[in-house]
K.L.:
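My questions will all concern the structure given below.
Proteins come first, then strands; the chains are lettered A, B, ... in the order of their sequence lines, and each starts at number 1.
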Protein chains: 4
Amino acid sequence: MTISPTQEPRWRRLPEERPQQIIDAALAIFGERGLAAARLEDIAKRAGLSKGTIYLYFPNKEELFREVIRHTIIAQIERAERELAAAVQQSASETLAQFVRGYWDFLRSPNFAALFRLVHAELSNFPDLARFYGREVVERKLRLVTGIIERGVRNGEFRDIDPAVAARMLGPMLLMHGMWCSHRDLFKATANKTDEQVIDEVLDFFLHAIRPAPTAKKPRESHSSK
Amino acid sequence: MTISPTQEPRWRRLPEERPQQIIDAALAIFGERGLAAARLEDIAKRAGLSKGTIYLYFPNKEELFREVIRHTIIAQIERAERELAAAVQQSASETLAQFVRGYWDFLRSPNFAALFRLVHAELSNFPDLARFYGREVVERKLRLVTGIIERGVRNGEFRDIDPAVAARMLGPMLLMHGMWCSHRDLFKATANKTDEQVIDEVLDFFLHAIRPAPTAKKPRESHSSK
Amino acid sequence: MTISPTQEPRWRRLPEERPQQIIDAALAIFGERGLAAARLEDIAKRAGLSKGTIYLYFPNKEELFREVIRHTIIAQIERAERELAAAVQQSASETLAQFVRGYWDFLRSPNFAALFRLVHAELSNFPDLARFYGREVVERKLRLVTGIIERGVRNGEFRDIDPAVAARMLGPMLLMHGMWCSHRDLFKATANKTDEQVIDEVLDFFLHAIRPAPTAKKPRESHSSK
Amino acid sequence: MTISPTQEPRWRRLPEERPQQIIDAALAIFGERGLAAARLEDIAKRAGLSKGTIYLYFPNKEELFREVIRHTIIAQIERAERELAAAVQQSASETLAQFVRGYWDFLRSPNFAALFRLVHAELSNFPDLARFYGREVVERKLRLVTGIIERGVRNGEFRDIDPAVAARMLGPMLLMHGMWCSHRDLFKATANKTDEQVIDEVLDFFLHAIRPAPTAKKPRESHSSK
DNA sequence: TATGAATGAGCGTTCATTCAT
DNA sequence: TATGAATGAACGCTCATTCAT
């Protein structure tokens with residue numbers, strides 16, 4: 001009676017939040033267990049609903065899964081766009097640093113962990129979703145970073161590297177460091193470092209790799225000092 | 001190798017090649033479908049055996065899964081050790097390049113793809129295996145790379161970077177590029193590049209990031225130090 | 001009419017035409033799908049109502065089913081009585097022909113098809129309804145035909161047959177021919193005959209069977225007596 | 001252990017009787033409950049098996065149902081052919097009487113009751129089975145009876161009636177009387193008659209309807225009697 | 001050892017029934 | 001009165017596991 005499976009016993013039937021509630025719960029459960037092992041009953045319980053209710057909004061488990069993936073991907077895109085829109089135009093390095101921090105926050109969010117797991121574990125059986133993910137998430141993000149670096153190359157902040165190539169290096173480092181930081185119990189590598197330190201290390205490494213050809217002494221400092 | 005993350009060595013009677021056959025088949029099927037969705041029947045079929053036979057060698061599905069993971073991890077370690085033993089001591093850069101190429105081959109092998117999928121998708125429910133993986137695969141590899149870089153730093157091939165930090169950057173880039181190359185249909189980023197080009201790009205990027213305070217630095221510094 | 005095979009008259013408030021609408025829709029759906037496979041939702045949709053509304057008039061699916069059967073049976077009885085009342089007293093043969101044509105029309109109506117299906121498919125689980133059907137439909141109709149034949153026997157139109165026995169033969173022939181005519185695609189037997197022809201054949205056959213022993217009164221007996 | 005759901009505890013796993021066992025049980029349960037209301041578990045229990053076992057032999061409930069129908073129809077055909085082969089050629093009337101008795105036995109068997117129920121209740125959703133039934137059971141039987149009557153017409157035993165028309169009258173009478181006799185509790189019509197009496201009544205009625213046109217007979221007989 | 005028929009617990013899905021509006 | 005969202009019991013079907021052979 002007073003037992004609420006999650007935490008909200010107060011509001012009864014706010015009618016049009018159902019699909020979102022279900023998707024949120026489903027993302028969590030799918031993320032924990034994977035598609036096959038996730039039980040609709042658990043998703044329902046987590047959403048504070050009963051099993052049958054899910055079927056009022058989604059035709060079956062697979063379609064719910066697809067919707068979860070699509071929804072999460074789209075949410076990620078929108079979040080990124082919102083962030084981008086709010087961004088101030090600065091030097092390429094500063095823009096890059098800002099992007100890295102924003103991306104890092106996302107990488108460390110539970111939703112990302114779930115999405116990442118699902119993408120790698122299940123999307124081989126959903127080629128359309130895999131393509132959607134590749135196009136809308138990976139390539140989109142690569143294009144964004146490529147643009148920033150391109151600007152840096154043009155204005156001499158960075159060396160004359162192929163911006164697309166450089167862009168491809170950043171994501172992996174951030175992604176994997178994000179995962180390591182999310183499992184500090186499992187990986188000593190990042191165990192005794194703060195997130196802040198880790199980001200700085202990645203960013204520093206990345207900037208070293210693309211810093212202008214050293215003929216000019218201390219590239220960044222000499223520039224800014226001028 | 002002699003490390004057993006859990007505690008049961010009882011089904012260790014390997015009368016012939018059965019266990020290995022089963023493990024190989026299981027890795028493939030688990031890799032394709034995931035733990036929950038994989039059917040023992042399919043594993044048996046792939047191994048050319050009948051369902052019941054699996055139970056002569058493994059007490060149940062979960063234990064088979066654990067053994068598949070353990071076995072694959074151990075195989076990976078052994079392979080790496082074998083490679084390392086065969087390696088000639090060269091300059092750090094050359095050693096690094098050699099390591100990268102060997103690692104790349106592994107990253108592109110089907111067994112790695114399966115292992116990667118399973119590690120990320122299922123190991124959250126098998127903390128002991130996760131720890132085993134973290135320790136014996138990730139950290140081991142990091143230590144190895146760290147050692148190479150350390151040598152390079154000491155002999156002036158590389159700049160004065162924390163070798164452990166640099167080492168952490170290499171794996172992610174290789175790993176993700178390996179995955180992109182394995183799914184060229186999904187990712188335009190690497191679609192029109194050969195594996196060779198991709199490795200070179202990664203290696204080049206990495207070496208740029210750790211190259212000694214560039215040719216420019218040293219001369220001038222030696223000057224100023226005078 | 002006033003016979004209620006079970007015992008509950010409580011939901012008898014028929015404020016408008018709702019109950020009739022529902023019963024009509026239910027008869028159609030039950031007739032198509034059977035009791036178990038019929039979905040209340042479909043009945044509601046067919047009646048132009050919503051699912052919940054049915055429960056304002058009928059306590060549950062089973063009771064709705066019972067009422068559909070009762071109602072349909074009663075309607076059939078009333079229809080027959082109305083017809084009978086309108087009938088002109090004629091020769092037994094003519095009365096018989098008239099009855100046959102009226103009955104035939106009913107046999108070919110969709111409501112009868114549904115009722116027949118339900119009676120044979122479901123009534124074994126509803127003994128009270130089965131008894132009601134046997135008493136009020138089958139036996140009633142048999143009594144009616146018996147009466148007509150009795151008259152024919154008495155006035156010499158028909159031979160000296162047991163009227164009750166003869167009566168039992170008529171229904172089955174009409175019934176099954178009705179079904180065959182309703183499925184001419186499935187049965188070649190009646191495929192290329194009109195309904196008119198079929199009725200005539202049945203009636204002719206029946207009259208031949210009960211026609212008076214021709215001038216030589218008792219045909220067979222005269223034979224044997226020789 | 002010693003509990004046997006039906007009646008056979010002695011033989012364990014006579015391997016190749018499974019499909020037949022299941023079909024027999026399924027016919028009974030489907031016949032009692034109809035397709036939708038029949039529970040696989042009940043069929044399994046009746047067959048002395050467990051639920052899952054059915055799926056080793058039939059892919060799903062619907063296919064089991066189809067197989068039950070097909071199988072029962074074919075069994076009926078084979079039974080009829082066997083009977084026919086054993087039949088002695090006699091006068092048409094005697095052959096007819098023999099056919100009637102054989103058919104009657106079948107009509108009163110539990111398998112027929114089940115088949116009849118299923119045919120009328122479910123076959124509208126299985127057009128292929130309905131066509132199969134129409135062709136292989138109804139029309140086949142009609143052809144058989146038609147042939148007998150044709151012979152009787154040719155040799156003067158019966159009047160000059162269209163044999164196909166006459167044939168169509170016999171089945172319905174037998175069928176419905178069979179059903180009435182199977183439910184003597186529900187129908188007073190046959191309540192106090194033995195099966196023997198009922199068959200005789202039907203046969204007598206039928207023979208009267210097709211007895212040689214008495215008009216022809218009379219003159220000659222009246223002559224001789226004079 | 002090896003097999004594969006048999007089992008039955010478990011989950012996805014449906015739908016009669018309820019009830020807040 | 002009427003609605004339709006919500007519930008949860010019930011059932012079809014799957015598959016890990018057992019076991020007689």
K.L.:
Does any nucleotide pair with E/dC15 by Watson-Crick or G-U wobble geometry, both distances under 3.5 Å, and what is it?
P.N.:
F/dG8
K.L.:
Give the rounded distance in Å between these two atoms: CZ of A/R18 and C1' of F/dG4.
P.N.:
13 Å
K.L.:
Would you kindly compare A/I54 and B/R39 by the position of their nearest DNA chain F nucleotide and give the one closer to the 5′ end?
P.N.:
A/I54
K.L.:
Which nucleotide, in any strand shown, forms a Watson-Crick or G-U wobble pair with E/dT21, with both distances under 3.5 Å?
P.N.:
F/dA2
K.L.:
Please work out if A/L56 contacts a base, only the sugar-phosphate, or nothing of the nucleic acid, heavy-atom cut-off 4.0 Å.
P.N.:
base
K.L.:
Is there a side-chain polar atom (N or O) of C/Y55 under 4.0 Å from OP1 or OP2 of E/dC19?
P.N.:
no
K.L.:
C/L40 side chain: which of E/dA5, F/dA10, E/dA16 is closest?
P.N.:
E/dA16
K.L.:
Please check if atom CZ in A/R117 has more than 12 non-hydrogen atoms from other residues, nucleotides or ligands closer than 6.0 Å.
P.N.:
yes
K.L.:
The side chain of A/T53 lies closest to which of these nucleotides: F/dT7, E/dT18, E/dG12?
P.N.:
F/dT7
K.L.:
Rounded to whole angstroms, how far apart are CG on A/L64 and C1' on E/dG12?
P.N.:
12 Å
K.L.:
Calculate the interatomic distance between D/N60 atom CG and F/dT14 atom P; express it in whole Å.
P.N.:
8 Å
K.L.:
Which whole-number value in Å describes the distance from C/I29 CD1 to E/dA16 P?
P.N.:
12 Å
K.L.:
Mind checking whether D/F126 and D/F65 have parallel, tilted or perpendicular rings, split at 30° and 60°?
P.N.:
tilted
K.L.:
Is there a salt bridge (Lys or Arg N to Asp or Glu O under 4.0 Å) between D/E41 and D/K45 once you walk through the steps?
P.N.:
CA-CA 6 Å; D/E41 180 121 36; D/K45 203 170 297 168; 5.1 Å; no
K.L.:
Atom NZ of B/K45 to atom P of E/dT3: distance rounded to whole Å?
P.N.:
14 Å
K.L.:
E/dT17, E/dG8, E/dA2: which one has an atom nearest the side-chain heavy atoms of D/S50?
P.N.:
E/dG8
K.L.:
Please compare B/G52 and D/G52 by the position of their nearest nucleotide in DNA chain F and report the one closer to 5'.
P.N.:
D/G52
K.L.:
Between A/E41 (CD) and E/dG10 (C1'), how many Å, whole number?
P.N.:
11 Å
K.L.:
Taking the side chain of A/K51 as its heavy atoms from C-beta onward, which of E/dA16, E/dA9, F/dA10 lies nearest to it?
P.N.:
F/dA10
K.L.:
Indicate the atoms forming the closest heavy-atom contact of C/A36 with D/A36, along with that distance.
P.N.:
CB-CB, 3.8 Å
K.L.:
List the atom of D/L35, the atom of D/K61, and the distance in Å for their closest heavy-atom pair.
P.N.:
O-NZ, 2.9 Å
K.L.:
Just the rounded figure in Å: distance from P of E/dC11 to NZ of A/K61.
P.N.:
9 Å
K.L.:
Could you state the atom-to-atom distance from CD of D/E17 to P of E/dA6 in whole Å?
P.N.:
12 Å
K.L.:
Students often get this wrong, so: under 4.0 angstrom with heavy atoms, is B/A38 touching a base, only sugar-phosphate, or nothing?
P.N.:
sugar-phosphate
